[in-house]
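Below is one structure, written out as structure tokens, with a few remarks after it.
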Amino acid sequence: MTQNKLWGGRFTQPTNKFVEEFTASIEFDQRLYAYDIQGSKAHAEMLGRQSIIAVADAEQIIAGLDGILRDIEAGKVEFTVELEDIHMNIEARLIERIGAVGGKLHTGRSRNDQVAVDIRLYLRDEIDSVLAYLAALEISLIKQAERNLDVIMPGFTHLQTAQPILYSHHMLAYREMIARDTSRLKDLRARFNLLPLGAGALAGTTFPIDREWVADKLGFDGVTRNSLDSVSDRDFAIEFCSFASILMMHLSRLSEELILWSSASFNFIELSDAFCTGSSIMPQKKNPDVPELVRGKTGRVYGNLMSMLTLMKSLPLAYNKDMQEDKEPLFDSIDTIKGSLKIFADMIDQMQVKADNMRNAAAQGFSTATDVADYCVRKGLPFRQAHEVVGKTVRYCVETGKDIPELSLEEFRSFSGLIDADIYDYVTLEASVNARKATGGTAREAVERELARLKSC
Ligand code: ARG
């Protein structure tokens, strides 16, 4: 037997067995089977409508494809490496099932535009489920914010106590990031939702196909405009991997904070036992495995983006076999972010806050020093001088082991005569937080306004 391959005609020697395995993609591209069939059915129907093949043949092909889909879903189909990829596995099975008429399916089409349409259909579906996961995480963050509006925590810069903030405000900061990720994902989805089928191998097809009809049938917003680009564009997959990398960067930051906050040193939160594990040697340990793993998985998602960019670098037009390597990084990024988002939405939802510990930490580190400076500014002192006054006040506090709100009026006035008894109204944690009322600030009323806005949109 020289060939039982769909492209065997030109060959006299059988493919080397290892080459066959090495070049095959069936092991990973089989996950595209439903999209391959969806695309083929639309193509076959169009061939019939355009009288490129007989309508009866098209109907037979479509019924055959439906049967194959059922068989695959019932676990009855064994894919083979000899048939290289999902496209040829399905086509060969079709011919086996309905006879020579199955060979008409590939009229006016190439695997190059076929794989391009399959990935787009697949990615579009995956994006829709990722969007749902993003929305769930957003809701968990908002619920945390709503449930804990009374909780004050230290806000940090350089991981040094900076100013007191509402814990709700901190949660809503992550909501902003997730909202931007969502908008990025929607943007890229809209950009690639165009039908590449009809590009053929690279130059288009000699048959009178109706691309617009197929695009409509498959839920695309239109058709791609250049056949060479249609079969060699993987920008959309790169954009997705880039979106996924930015998302994981955000999740890794949240992970890092959850890990710090659940340590004995911070002791700000309690993660549900369901998201932690114990140590095999230290009985006291409760390890925040889930955020640690998500932080770690960020690496592979960045790696996938690098793989994709490097894979596509300098490739001449149009299709090159290199491009078969686009699938595993894309699939891995999809799987990784879906898992991470799913687990994060639940973990955040079940997270318990240790309000007293957060508050105590916020009271340390002279977190209301800026409020004293702002007070002096309102009394007429230029900010730079006010900064100097408070700097000296803080040094005094460090030396005497006192906190700013504990200073007597005389002590305050030894640094600036502008300070009066009303200073005590400004240096409490509540006063400091609630003074920051402008949109985007941490004041309770600003955070409540933001929550109300989020609910209304
Ligand atoms: N398995 C191939 C891929 O994923 C399908 C396209 C093959 N085209 C070709 N001309 N060999 O890229």
Q. Do Arg120 and Phe236 meet the cation-pi criteria used here (NZ or CZ under 6.0 Å from the six-membered ring centre, within 45° of the axis)?
A. yes

Q: May I ask you to check if Arg124 and Phe220 form a cation-pi contact, with NZ or CZ under 6.0 angstrom from the six-membered ring centre and within 45° of the axis?
A: yes

Q) Does Leu309 have any side-chain contact (heavy atoms from CB on, under 4.5 Å) partners at least two apart in sequence or in another chain, and if so, which? A) Ile238, Leu305, Met306

Q | Side-chain donor-acceptor contact under 3.5 Å, Asp113 with Tyr319 | A | no

Q. Glu257: what forms a side-chain contact (heavy atoms from CB on, under 4.5 Å) with it, not counting sequence neighbours?
A. His170, Tyr174, Trp261

Q | Non-neighbouring partners of Lys338 that pass salt bridge (Lys or Arg N to Asp or Glu O under 4.0 Å), sequence neighbours left out | A | Glu126

Q | Set of side-chain contact (heavy atoms from CB on, under 4.5 Å) partners for Asn434, sequence neighbours left out | A | Glu430, Ala443, Arg444

Q.
Can you confirm whether the side chains of Asn148 and Gln144 place a donor and an acceptor under 3.5 Å from each other?
A. yes

Q. Ile62 and Ala44: which non-hydrogen atoms are nearest, and at how many Å?
A. CG1-CB, 4.1 Å

Q.
Checking Asp335 now: which residues fulfil side-chain contact (heavy atoms from CB on, under 4.5 Å) with it, not counting sequence neighbours?
A. Arg31

Q | Taking every non-hydrogen atom, the tightest pair across Gly108 and Thr205 | A | CA-OG1, 3.4 Å

Q | For Tyr33 against Ile90, the heavy-atom pair lying closest together | A | O-CD1, 3.9 Å

(Q) My understanding is that only residues two or more places apart in sequence, or in another chain, count here; which of them pass ring-ring contact (aromatic ring centres under 6.0 Å, His included) with Phe79? (A) none

Q: Check whether the side chains of Arg253 and His250 place a donor and an acceptor atom closer than 3.5 Å, and report yes or no.
A: no

